[in-house]
Each structure stands twice: as structure tokens, then as C-alpha cells.
Novice: 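Have a look at this one before I ask anything.
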Amino acid sequence: MTQTHPIPLSGAIAADALARLRERTPLIHCLTNQVVQSFTANVLLALGGSPAMVVARQEVAEFSAIADALLVNVGTLHDEQRKAISLAVVAANQAGVPWVLDPVAVGGLSYRTEFCRTLLEQGPAAIRGNASEIIALAGKTTSGRGVDSADVSLDALSSALSLAQQTGAVVAVTGDVDYVTDGRLTYALPYGSPLMTKVVGTGCALSAAVAAFIAQKDGERLEQVASACMVMAACGGMAAAEVGGPGSFVPRFLDLLYQLEPKRLQEMTV
């Protein structure tokens, strides 16, 4: 049965997911864009994960097979990275390693749009994008400009639902409110801040966080993805309330990710 109205995620679920992540320190293979590698690695370390940026085509398949999860982010896609991603995804699938697709700027640029649509056929465990990216990935028309969404997250909810039903992936569409769905049940997470859009890499780092949360073998994947979104948005919202701008946001955000006590999440269910 499909739940027609988004519901809040229990803070207790997110708290448990975060505690499990920290206990296990999952190894996350990040094939991400060149702009955000350092920030993404720092976010994973602050959460309790272990990041690795193994990018050479000669090594990616071998490494993906031993990682706990794989992140595929097409932000600075080029032919060599495309080959590497394809090899890594095949190896991850063969080894039973879950992987996350971040379809950066899909819809606005045909090269990456075509590639990401072929990746959909390879069985991503989760897909995380902004509203315009999710709408475009679902095959609908959008006016998004690169990484900038021209749509609000609620506009993309129907596309997220259809994409989840089509691919079997959990789909997270992020924005003023984050929506996370498996095509049947949808969680709504209204915890972030507009200041998060003034810092390069928060969305890309969130996709890496999703990979870290779904690396846990036990647990419901929908709840794991929603927990990642809740943790990142909650810390982003708290950091934004304490600082004066994007320059001071990043260090405070990382500190809060590192310091976040699971019991704090238990108090945050809307």
C-alpha cells in the first residue's frame, strides 16, 4: 500500500541509525566531483565514517568490491571518470555493495543526463538530488540551471515517487523540505536552512552521508536514507542559527556533526 501523505521520521530511528554508523565506521568509496572532495571527506569523518577517494580506472573496481558503500557523483564528469564509474558500479553490484547516485546538473546538460539514465538501469540503492535533478532524471521537463534547482522539493515529489517505483531505489529530493521515498512510504524532513545552499558541497556531502548510512547491512534502507537527511539537515539548521554567514558555517557544521548526540535526534520529531 502507498502512503499518499509524507510523514515525519521518528528521531529515535535516526538516533539508532547514527549510533550504528559510528559503531561500524563504514568505508565509503567516493567517486565524486573535484570541487567537493575535501569537504565530503571531512563530513564523513565527522559522522564516523571512513572516506576514500580512489579514482584511477585501474583501481576502482578492486576498491569498490571491498568498500562498504559506493558514492557516484557526476558533478565534474568527463570520459575517464565515466569509464571509472562504470567499472566501479559493476564491481559493487557483483560484490553486493550498495551504491548511491547523485545526478548533479542532470537535465541541463545532455552528456551527464544520458549517462545517469544508463546508470539507473544498473540498480542504485539510493538516489539523492535537488528538485530539478530528480524531475529531469524521471524524464520530465525542468528549467534547472546546473546545480541550482529552479523547483522546490515538493514539486519533485511525484517524480521521486515514480523514480523509486521504476528503479527500486530509495529517492531523496532535497530542498526547503527533504522528501525521502521508496515509492510507497514518504518521509518529510523540514530541518535545514537556506544558508546550506550558500556553501559549496552540502548536497554532495549529503549523498556521501547517505552512502554511509545505507552501508549498514541490518535496517530498513528507507529509514537509513531518511536518517542521513535528518542528521545533515538538523546539524545544518543548528549551525545556521549560531553563525553569521557561510564562512563560519562550515566549521560549526562539521563540529556539530561530530558532537551530535543520538538523544538530541530523539527530541526532534516534528
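What you see below is based on every heavy atom in this structure, not just the backbone, and it leaves out hydrogens, waters and symmetry mates.
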Novice: Would you kindly confirm whether L47 and V36 end up in one hydrophobic cluster when ILVMFWY residues are joined by side chain heavy atoms under 4.5 Å apart?
Specialist: no
Novice: For a 4.5 angstrom cut-off between non-hydrogen side-chain atoms, does S10 reach Q266?
Specialist: no
Novice: Between the main-chain N or O of V72 and the side-chain N or O of D102, is there a donor-acceptor pair closer than 3.5 Å?
Specialist: no
Novice: So how far is it from I134 CD1 to S159 OG, rounded to the nearest 0.5 Å?
Specialist: 8.5 Å
Novice: Between A212 and L44, which heavy-atom pair has the shortest distance, and what is it?
Specialist: CB-CD2, 3.9 Å
Novice: Is there a side-chain contact (heavy atoms from CB on, under 4.5 Å) between F115 and S86 once you walk through the steps?
Specialist: CA-CA 10 Å; F115 181 51; S86 297; 3.7 Å; yes
Novice: Would you say N42's side chain and L45's backbone share a donor-acceptor pair under 3.5 angstrom?
Specialist: no
Novice: Knowing that exactly one of V171, T186, D182 qualifies, which makes a side-chain contact (heavy atoms from CB on, under 4.5 Å) with L161?
Specialist: T186
Novice: Ignoring hydrogens and geometry, is there a side-chain-to-backbone donor-acceptor pair from E133 to V106 under 3.5 Å?
Specialist: no
Novice: Taking the side chain as every heavy atom from C-beta outward, state whether W99 and L71 have any pair of such atoms under 4.5 Å apart.
Specialist: no
Novice: Using a distance-only test with no angle check, is there a side-chain donor-acceptor pair under 3.5 angstrom linking S153 and D178?
Specialist: no
Novice: Any chance you could measure T118, atom OG1, to I85, atom CD1, to the nearest 0.5 Å?
Specialist: 9.5 Å
Novice: Is there a donor-acceptor pair under 3.5 Å between the side chain of Q224 and the backbone N or O of Q216?
Specialist: yes
Novice: Any heavy-atom pair between the side chains of N93 and V90 that's under 4.5 Å?
Specialist: no
Novice: So, does R184 use its side chain to make a donor-acceptor pair with the main chain of Q165 at under 3.5 Å?
Specialist: no
Novice: Test of understanding: clusters of I, L, V, M, F, W, Y form through side-chain heavy atoms closer than 4.5 Å, transitively. Do V54 and V74 belong to the same one?
Specialist: no
Novice: Would you give the length of the straight line joining atom CG of L120 to atom CG of L163, rounded to the nearest 0.5 angstrom?
Specialist: 6.0 Å
Novice: Do the side chains of D218 and R20 get close enough for a salt bridge, i.e. N-O under 4.0 angstrom?
Specialist: yes
Novice: Out of curiosity, does Y191 fall in the hydrophobic cluster containing I7 (side-chain heavy atoms, cut-off under 4.5 Å, transitive links)?
Specialist: yes
Novice: Could you check if a side-chain atom of P51 sits within less than 4.5 angstrom of a side-chain atom of I28, using non-hydrogen atoms only?
Specialist: no
Novice: For K217, I'd like to know if atom NZ has over 12 heavy atoms of other residues, nucleotides or ligands within 6.0 Å.
Specialist: yes
Novice: Should we say atom OH of Y111 is surrounded by more than 12 heavy atoms from elsewhere, each under 6.0 Å from it?
Specialist: yes
Novice: List, one per line, each side-chain donor-acceptor pair under 3.5 Å for residues 230-257, sequence neighbours excluded.
Specialist:
unit_1, atom_1, unit_2, atom_2, d
E242, OE1, R252, NE, 2.5
E242, OE1, R252, NH2, 3.1
S248, OG, G245, O, 3.3

Novice: Tell me, which pairs form a ring pair (Phe, Tyr, Trp, His ring centres under 6.0 Å) where one or both residues lie in residues 23-69, sequence neighbours left out?
Specialist: H29-F63
Novice: OG1/T174 to CE/M196 distance, rounded to the nearest 0.5 angstrom?
Specialist: 9.0 Å
Novice: Hey, does L157 have a side-chain heavy atom less than 4.5 Å from the side chain of P6?
Specialist: yes
Novice: Would you please name every residue forming a side chain to side chain donor-acceptor pair (under 3.5 Å) with E80, sequence neighbours left out?
Specialist: R57
Novice: Main chain of Q37, side chain of T40: is a donor-acceptor contact present, judged purely on distance under 3.5 Å?
Specialist: no
Novice: Indicate the atoms forming the closest heavy-atom contact of A91 with A61, along with that distance.
Specialist: CB-O, 3.3 Å
Novice: Evaluate side-chain contact (heavy atoms from CB on, under 4.5 Å) for I13 paired with S227, printing each intermediate quantity in order.
Specialist: CA-CA 7 Å; I13 291 174; S227 295; 3.9 Å; yes
Novice: Set out, in order, the CA-CA distance, both residues' side-chain angles and the distance that settles side-chain contact (heavy atoms from CB on, under 4.5 Å) for L260 and Y258, then state yes or no.
Specialist: CA-CA 6 Å; L260 182 63; Y258 180 76; over 6 Å; no
Novice: List the atom of L189, the atom of A226, and the distance in Å for their closest heavy-atom pair.
Specialist: CD1-O, 3.5 Å
Novice: With a 6.0 Å cut-off (strictly less than), is the heavy-atom count around CZ of R82, excluding the residue itself, greater than 12?
Specialist: yes
Novice: Between V60 and L31, does the side-chain contact (heavy atoms from CB on, under 4.5 Å) criterion hold? Intermediate values first, please.
Specialist: CA-CA 9 Å; V60 289; L31 290 176; 4.0 Å; yes
Novice: So, for V225 and A126, which heavy atoms are closest and what is the spacing to 0.1 Å?
Specialist: CG2-CB, 4.1 Å
Novice: At what distance, to the nearest 0.5 angstrom, does NE2 of H78 lie from CD of Q34?
Specialist: 5.5 Å
Novice: Are V35 and L206 linked, directly or through intermediate hydrophobic residues, by side-chain heavy-atom contacts shorter than 4.5 Å (ILVMFWY only)?
Specialist: no
Novice: Does some side-chain heavy atom of T181 sit less than 4.5 Å from a side-chain heavy atom of V170?
Specialist: no
Novice: Might you confirm whether atom CD of E114 has over 12 heavy atoms from other residues, nucleotides or ligands at distances under 6.0 Å?
Specialist: yes
Novice: In Å, rounded to the nearest 0.5 Å, how long is the span from SG of C116 to CD of Q122?
Specialist: 12.0 Å
Novice: I'd like to check V104 versus N73 (side-chain heavy atoms, cut-off strictly below 4.5 Å). Are they in contact?
Specialist: yes
Novice: Mind listing the closest non-hydrogen atom pair of P98 and R221 along with its distance?
Specialist: CB-NH2, 3.8 Å
Novice: Hey, does N130 have a side-chain heavy atom less than 4.5 Å from the side chain of V173?
Specialist: no
Novice: If Ile, Leu, Val, Met, Phe, Trp and Tyr residues are connected whenever their side-chain heavy atoms lie under 4.5 Å apart, and connections chain through other members, are L27 and V89 in the same group?
Specialist: no
Novice: Search all heavy atoms of T32 against all heavy atoms of Q81 and return the closest pair with its distance.
Specialist: O-NE2, 3.4 Å
